[in-house]
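Before I ask anything, let me first share the structure, which is written out below as structure tokens.
Keep in mind the model is a prediction, meaning the values are calculated, not measured. Protein chains get the first letters and strands the later ones, always in sequence-line order, with residue 1 at the start of each.
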Protein chains: 2
Amino acid sequence: MPRSNPNPRLEDVARAAGVSLATASRALSEPGMVRADTRGRVEQAAAMLGYVPHGAARALATSRTRTIGAVFPPVDNPIFAGATHALAQELAAAGYTMLLASYDYDLDDELAAVRALVGRGADGMVVVGLDHRPETLAVLERAGVPWEITWSLDESGRHHCIGFSHRGASIRVAQHLLDLGHREIAVIAGDTKRNDRARERLAGVKDALAARGVKLPPKRVIEVDFSVANGRAGFAKLLERAPGFTAVIGGNDPLAIGALFECRDRGIDVPGQMSIAGFDDIELAGELAPGLTTVRVPSAEIGREAGRRLLARLAGKAVPRIKEMPAPLVVRGTTGPPPKKGRLK
Amino acid sequence: MPRSNPNPRLEDVARAAGVSLATASRALSEPGMVRADTRGRVEQAAAMLGYVPHGAARALATSRTRTIGAVFPPVDNPIFAGATHALAQELAAAGYTMLLASYDYDLDDELAAVRALVGRGADGMVVVGLDHRPETLAVLERAGVPWEITWSLDESGRHHCIGFSHRGASIRVAQHLLDLGHREIAVIAGDTKRNDRARERLAGVKDALAARGVKLPPKRVIEVDFSVANGRAGFAKLLERAPGFTAVIGGNDPLAIGALFECRDRGIDVPGQMSIAGFDDIELAGELAPGLTTVRVPSAEIGREAGRRLLARLAGKAVPRIKEMPAPLVVRGTTGPPPKKGRLK
DNA sequence: TTGTAGGCGTTATCAT
DNA sequence: ATGATAACGCCTACAA
């Protein structure tokens with residue numbers, strides 16, 4: 001029975017070039033080890049036949065796939081999208097390919113995805129944040145591939161990570177508002193059960209207020225999924241259940257922007273009557289008028305740098321276990337002093 | 001020499017379960033072909049050892065990687081991000097994994113990415129739009145894998161595709177403005193050299209205006225890369241170089257939103273003095289006040305459906321070569337009749 | 001229902 | 001510098 005698969009194999013190339021299989025292999029992957037004219041013949045034969053190396057076969061022989069797995073929360077969140085793009089570019093430039101899985105904050109789904117990508121032979125992995133099933137880390141460790149935690153910093157120092165302190169950044173936001181004179185503050189947080197970034201951001205606000213003896217009553221905190229619509233709704237609910245605050249902090253920019261829109265629709269002046277701050281610094285934050293005060297999160301840089309670190313480790317280089325990225329407060333127009341007298345409504 | 005790689009192989013599982021390699025293999029991949037108790041022993045042994053099938057070996061033996069390659073323009077564009085997420089989810093549910101490459105509208109980069117993913121053994125491929133190097137299509141065809149064009153419709157009927165007519169949708173936008181009474185219209189288009197979607201959208205406006213005998217002078221058209229900032233800048237430039245228009249059409253929503261913001265900053269009333277329409281219907285479009293009139297592009301559905309079609313074709317089912325998705329005009333508050341008399345400025 | 005054995009396309013270790 | 005050949009881990013006729 002003739003080969004049903006028409007794709008040429010290395011053996012075909014070797015025959016066409018009149019050399020052995022081994023020589024053909026070397027000519028293509030270790031050019032230095034073969035005489036120039038032999039190499040030329042092989043290359044020509046390969047080009048003629050349209051030879052493309054068979055990835056799986058190569059992977060089986062080398063136990064290397066030149067593939068990096070990334071398991072991200074919804075990539076349709078703009079910040080993850082930016083990181084994904086940057087990571088993909090960085091890897092492509094080095095001849096690596098990205099295996100991407102995107103999960104909706106369900107840690108069991110994340111585990112399944114990690115398993116799948118490791119099974120596909122990813123040479124390295126990147127995950128997001130600190131919240132994982134214990135089994136997820138076990139799979140990663142057992143696989144023996146280098147892996148990176150992104151966005152968050154692993155305080156235990158056990159794992160390689162690149163990110164920043166969400167709590168610290170959040171403290172800067174809250175302090176900024178406190179410094180402006182706000183004492184009645186509300187928070188529209190992300191879902192703190194499902195991800196450590198949202199949890200740490202909320203904790204940061206609490207820390208900062210507590211440090212100055214300012215209270216954050218539970219009624220002034222609401223948790224929702226990230227979206228502009230939920231920012232609007234969350235703000236409306238806060239206003240209804242615990243009015244009297246002069247500033248609101250959003251768990252991310254879309255939430256803050258939702259609050260901003262809601263204010264606009266209700267005729268609440270920002271920042272005259274209400275100050276608003278976000279987190280992430282998506283493009284829109286700077287284009288609004290007034291611009292949104294927020295924390296600049298270097299998402300593309302995190303993606304790119306995660307790729308670089310992984311590639312370096314694969315090349316046998318040592319990289320510092322923990323890489324902290326800057327996440328500065330960006331003060332724009334949505335924050336200002338609280339209204340002089342009287343409270344909202 | 002003992003095996004240096006500690007990962008258990010199927011052989012180890014078989015030994016632990018006291019069955020042959022073949023039985024172990026069948027127990028895990030074709031459960032129906034093995035007696036229940038045998039299968040149980042194998043599954044238990046696999047779980048105990050933490051066995052994970054070796055993707056490359058499996059791929060080599062079956063010439064199937066259970067992997068789908070996607071080559072997308074910048075996934076940090078929100079609409080591609082949504083499609084990426086949906087596609088990844090759809091594939092994961094079927095036990096497939098996504099190989100993702102993201103390029104910056106450079107068709108040579110796209111070709112390289114397609115080559116890479118095909119070389120990695122992708123069982124199917126998805127690309128975006130109609131603009132490709134001829135070689136790209138050749139690689140795809142020669143690979144013999146099913147592939148789908150997304151976003152655009154291939155009029156030649158030669159290739160499988162899922163999308164909609166950008167020209168048609170754009171015509172609806174322009175007609176809407178004409179129906180409102182606008183005759184002086186400007187366009188902030190995307191880069192028409194680099195992608196057919198931007199080109200077709202612009203062509204649609206031209207078609208619609210021409211059909212009613214309305215001119216679109218070159219000065220009223222500007223081309224920029226997609227971003228809110230460029231929408232602002234583009235609008236400002238149009239105002240400066242060809243004032244007097246009463247409506248502007250953005251090549252996508254971020255561009256239109258940029259124009260909207262610029263109007264707001266300049267005190268130009270929307271839609272009183274200026275009507276604005278976009279394309280894509282990103283979340284923000286509906287949250288703005290007034291809401292942005294735009295075309296709803298079902299990006300997540302396109303991603304999901306592309307995955308479904310590919311999986312169906314891999315399963316040997318026939319699917320219609322061309323799948324048209326709806327892309328309805330969504331009329332919101334940013335469009336209205338042109339000002340009664342006098343022109344802007 | 002289960003086991004035996006050959007093959008998938010490369011790389012890498014030996015000789016030569 | 002080049003050639004022969006044994007892995008690499010799994011699947012799948014074919015045989016029992």
(request) Side chain of A:R9 only, please: which of C:dG9, D:dC14, D:dC10 is the nearest? (result)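 When the side chain of A:R9 is considered, C:dG9 is the closest of C:dG9, D:dC14, D:dC10.
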(message) Please report the distance, rounded to the nearest Å, between CG in A:L28 and C1' in C:dG9.
(response)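 From A:L28 CG to C:dG9 C1': 13 Å.
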(message) Between C1' on C:dA5 and CZ on B:R26, what's the gap in Å once rounded to a whole number?
(response)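 Nearest whole value for this atom pair: 13 Å.
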(request) Calculate the interatomic distance between A:L49 atom CG and C:dG9 atom C1'; express it in whole Å. (result)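 So the CG-C1' distance, A:L49 to C:dG9, works out to 15 Å.
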(request) Specify the residue among A:A56 and B:T23 whose closest nucleotide of DNA chain C lies further upstream toward the 5′ end. (result)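 Nearest nucleotide further toward 5': that of B:T23.
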(message) What's the closest nucleotide to the side chain of A:H54 if the choices are D:dT12, D:dT2, C:dG9?
(response)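 Closest nucleotide among those given: C:dG9.
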(message) Nearest to the B:R35 side chain among D:dT12, C:dT1, C:dA12, which nucleotide is it?
(response)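 Taking heavy atoms from C-beta onward, the closest nucleotide is C:dT1.
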(request) Using atom CG of A:L60 as one end and atom P of C:dG7 as the other, report the distance to the nearest whole Å. (result)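 Going from CG in A:L60 over to P in C:dG7 covers 16 Å.
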(request) Grab the CE-P distance between B:M33 and D:dT12 for me, whole Å please. (result)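 The answer, rounded to whole Å, is 10 Å.
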(message) Quick check for you: among D:dT5, C:dG3, D:dC10, whose closest atom lies nearest to any side-chain atom of A:A22?
(response)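 Comparing D:dT5, C:dG3, D:dC10 against the side chain of A:A22, the answer is D:dT5.
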(message) Using a 3.5 Å distance criterion without hydrogens, assess whether the side chain of A:R309 forms a donor-acceptor pair with backbone atoms of A:R321.
(response)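 Yes.
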(message) I'd like to know if B:E135 pairs up with B:R133 as an ion pair, taking the criterion as any Lys NZ or Arg NE/NH1/NH2 lying under 4.0 Å from an Asp or Glu carboxylate oxygen.
(response)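 No, B:E135 and B:R133 are not salt-bridged.
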(message) Closest approach to the side chain of A:T38, judged atom by atom: which nucleotide of D:dC11, C:dT10, D:dT2 is it?
(response)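 Closest nucleotide to the A:T38 side chain: D:dT2.
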(message) Please classify the nucleic acid contact of A:T62 as base, sugar-phosphate, or nothing, using heavy-atom distances under 4.0 Å.
(response)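 Sugar-phosphate contact only - A:T62 comes under 4.0 Å of backbone atoms but never of a base.
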(request) Measure from CZ on B:R58 to C1' on C:dG9 and round the result to the nearest Å. (result)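 Taking atom C1' of C:dG9 as the reference, CZ of B:R58 is at 18 Å.
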(message) How many whole angstroms separate atom CZ of B:R39 from atom C1' of C:dT2?
(response)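 One finds 14 Å between C1' of C:dT2 and CZ of B:R39, rounded.
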(request) Grab the CG-P distance between B:L21 and C:dC8 for me, whole Å please. (result)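 So the CG-P distance, B:L21 to C:dC8, works out to 18 Å.
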(message) It should be established whether B:S25 places a side-chain nitrogen or oxygen under 4.0 Å from OP1 or OP2 of nucleotide D:dC11.
(response)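 Yes, B:S25 has a side-chain N/O under 4.0 Å of OP1/OP2 on D:dC11.
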(request) Go through C:dA12, D:dT2, C:dT11 for me and flag the one nearest to the A:E30 side chain. (result)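 So the nucleotide nearest the side chain must be C:dA12.
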(request) List the atom of A:V52, the atom of B:G119, and the distance in Å for their closest heavy-atom pair. (result)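 Shortest heavy-atom separation between A:V52 and B:G119 comes out as CG1-CA, 3.9 Å.
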(message) Taking the six-membered ring for Trp, are B:W151 and B:F72 closer than 6.0 Å centroid to centroid?
(response)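 Ring centroids of B:W151 and B:F72 are no less than 6.0 Å from each other.
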(request) Compare the minimum distances between each of D:dT2, D:dC11, C:dT10 and the side chain of A:V34, then state the nucleotide with the smallest one. (result)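 That would be D:dT2.
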(message) Applying salt bridge (Lys or Arg N to Asp or Glu O under 4.0 Å) to A:D37 and A:R35, what does each step give before you reach the verdict?
(response) CA-CA 6 Å; A:D37 60 327; A:R35 242 181 28 218; 3.2 Å; yes
(request) Could you work out which one of D:dC11, C:dG3, C:dG9 sits closest to the side chain of B:S20? (result)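 Among the listed nucleotides, the one closest to the side chain of B:S20 is C:dG3.
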